[in-house]
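Just below is one structure, and these are the notes that go with it.
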There are 2 protein chains.
Amino acid sequence: MAPPQQNANALPKYIQLSELLIRDIDAGRLLDGERLPPEREMAVSLNTSIGTLRKALADLESKGLLRRVQGSGNYIQKSAKAAGVYAMFRLELMSGGGLPTARILSARCQEKSADLPQFGASPRATRIRRQRYLNDVAIAVEEIWLDASVGELSSEMLSDSLYQTYLKRLNFWITRAEDRVSIGKLPDWTPPGFGSPGTTSGYIERFSWSDQPHPIEFSRTWFDTTKAVYVQRLK
Amino acid sequence: MAPPQQNANALPKYIQLSELLIRDIDAGRLLDGERLPPEREMAVSLNTSIGTLRKALADLESKGLLRRVQGSGNYIQKSAKAAGVYAMFRLELMSGGGLPTARILSARCQEKSADLPQFGASPRATRIRRQRYLNDVAIAVEEIWLDASVGELSSEMLSDSLYQTYLKRLNFWITRAEDRVSIGKLPDWTPPGFGSPGTTSGYIERFSWSDQPHPIEFSRTWFDTTKAVYVQRLK
DNA sequence: TGGTAGATCAATGGTGTATCAATTTTAATT
DNA sequence: AATTAAAATTGATACACCATTGATCTACCA
């Protein structure tokens, strides 16, 4: 049905479908090489017709995110290229997925504090503190230390996606990262409303590398385990 | 036939076989120069046809992992990187790495308990409880539920690597898994010496898929966050 | 133009069978 | 003991068959 009265100014359905799938691919919920269900099956499951679905799939193929093989199936294409901005963000709502956003609490350049592990080449770093959301639900607080050797950032320069900011403002790119997941306690600067400092929470440490031998970013994330989990999907 | 009706969105079988063997080579279970069983024999052992198996072997040869000699046999080409011993076990000591071993606490087939999430097709499952070690340091306790639809296991049949047991004894293999990391409390069956039941610990839930649409294994792992962390290395 | 519906075509994956060719093993011969 | 011939083993190739699946086209509606 061509949406008669439902949604006057909605995007075409096949565009909506396309973007829905793009988000799943970017977020890593659909893995590289993974095969999608048959088109007929997928169409009924998405409550649409094959023709419409195929338009969406054709769009994905033109974007290089999908490989379509007649007689075989539709396969997710690794793309890797400029892939998911959120690809490295692995917290999801218990119900699955969620659209990630962030609110900057503070951002300034300062001496590295003593409790930080060794990383980068400079004694100074930009410290960014953020509240993270999935579907507008606060799920984590985060402290990011960006080594001063790659430049300095001020709060006005920050966008929701830090990695995008790094690329646009400081002209470097994160090529590798390592997460270490454990448990921790909410820091004393936790914003009111999220939880009391000292409350036990999930805890992620991340080192990120650009093209230098030493990591140039170190971050700590405390997440509310009643609302979100750290998800990893394996080939 | 393309996936007959066994699985909605499984990769072609020859790809699955190829990746299965790649994992075995990477994990060092197949050594350099080692000769594989004859194709005919291998085909029945992997419960597939020769044609399909040969596609998988051809794929391995194209990847340079296999040397195929007519009249002689198939030989592993190079081990190269003796990477991840147990690629799917992602707990590491704080100091990094560690040789994983396990001690079976119990193993029996029973009704699925009510607190389990939905998985598999059978109301019964094999429940395996293990203590896990890295370099002989106890770092986790683990409870694995293997859906009875793929078969049942007794403790005598178990080896250190469950995935190897699955392949040899029950004739299936894990193609995909999903980890969800959070925090939890040690279960009441925690062996003395590891920690008191109720102690807060790291907590991993894992779903594993074979070639069926529903996961056929569900496991819970409680790990000591003072001794080990869940590590994920990205790209 | 966007969405739906249906019919039909063509490519692919998986299986099964038969046959050929290269290699290795075994046995016989010298 | 060395050589040679036969036999068994093993991978290589080809073809037929079938179900699944994407591709294409036409018609219809708002």
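Convention: sequence-line order gives letters A, B, ...; per-chain numbering from 1. Computed from heavy atoms alone, side chains included, the values below leave out hydrogens, waters and symmetry copies.
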Pairing donors with acceptors under 3.5 angstrom, does anything connect the side chains of [X] and [Y]?
X: B:Asp179; Y: A:Tyr230; value: no
X: B:Thr175; Y: B:Gln16; value: no
X: B:Glu152; Y: B:Thr126; value: no
X: A:Gln77; Y: A:Tyr75; value: no
X: A:Gln232; Y: A:Arg90; value: yes

Taking side chain as C-beta onward, heavy atoms only, is [X] less than 4.5 Å from [Y]?
X: B:Arg127; Y: B:Ser106; result: yes
X: A:Met42; Y: A:Leu21; result: yes
X: B:Glu217; Y: B:Trp209; result: no

Please determine if a side-chain N or O atom of [X] lies less than 4.0 Å away from the OP1 or OP2 oxygen of [N].
X: B:Tyr14; N: C:dG13; answer: yes
X: B:Asn74; N: D:dT10; answer: no
X: A:Ser49; N: C:dT4; answer: yes
X: A:Thr52; N: C:dG3; answer: no
X: B:Lys55; N: C:dT12; answer: no
X: B:Thr48; N: C:dT15; answer: yes

Take atom [atom1] of [X] and atom [atom2] of [N], then tell me their distance rounded to the nearest Å.
X: B:Ile50; N: C:dG16; atom1: CD1; atom2: C1'; result: 10 Å
X: A:Leu57; N: D:dA23; atom1: CG; atom2: P; result: 8 Å
X: A:Arg68; N: C:dT12; atom1: CZ; atom2: P; result: 15 Å
X: A:Ile15; N: C:dT1; atom1: CD1; atom2: P; result: 14 Å
X: A:Arg35; N: D:dT20; atom1: CZ; atom2: C1'; result: 8 Å
X: A:Leu66; N: D:dG22; atom1: CG; atom2: C1'; result: 11 Å
X: A:Lys13; N: D:dA30; atom1: NZ; atom2: P; result: 16 Å
X: A:Glu41; N: D:dT20; atom1: CD; atom2: C1'; result: 11 Å

Lys/Arg-Asp/Glu bridge criterion (N-O < 4.0 Å) met for B:Lys55, B:Asp59 |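 Salt bridge: no.
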Is A:Arg54 salt-bridged to A:Glu61, cutoff N-O under 4.0 Å?
->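 Salt bridge absent between A:Arg54 and A:Glu61.
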Listed nucleotide nearest any side-chain atom of A:Arg54, set C:dT23, D:dG11, D:dA23 |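 Of all the options, the side chain of A:Arg54 is nearest to D:dA23.
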Out of D:dG22, D:dG11, C:dT12, whichever nucleotide has its closest atom nearest the side chain of A:Glu39 | D:dG22
Produce the list of close N/O pairs, under 3.5 Å, pairing protein atoms with atoms of nucleotides 18-21 of chain C; give distances to one decimal.
{"from": "C:dA21", "atom 1": "N3", "to": "B:Gln70", "atom 2": "OE1", "distance (Å)": "3.0"}

When the rotation axes relating C1' atoms of four end pairs to the next four are compared across the helix from C:dT1-D:dA30 to C:dT30-D:dA1, five pairs an end, they differ to 10° by 20°
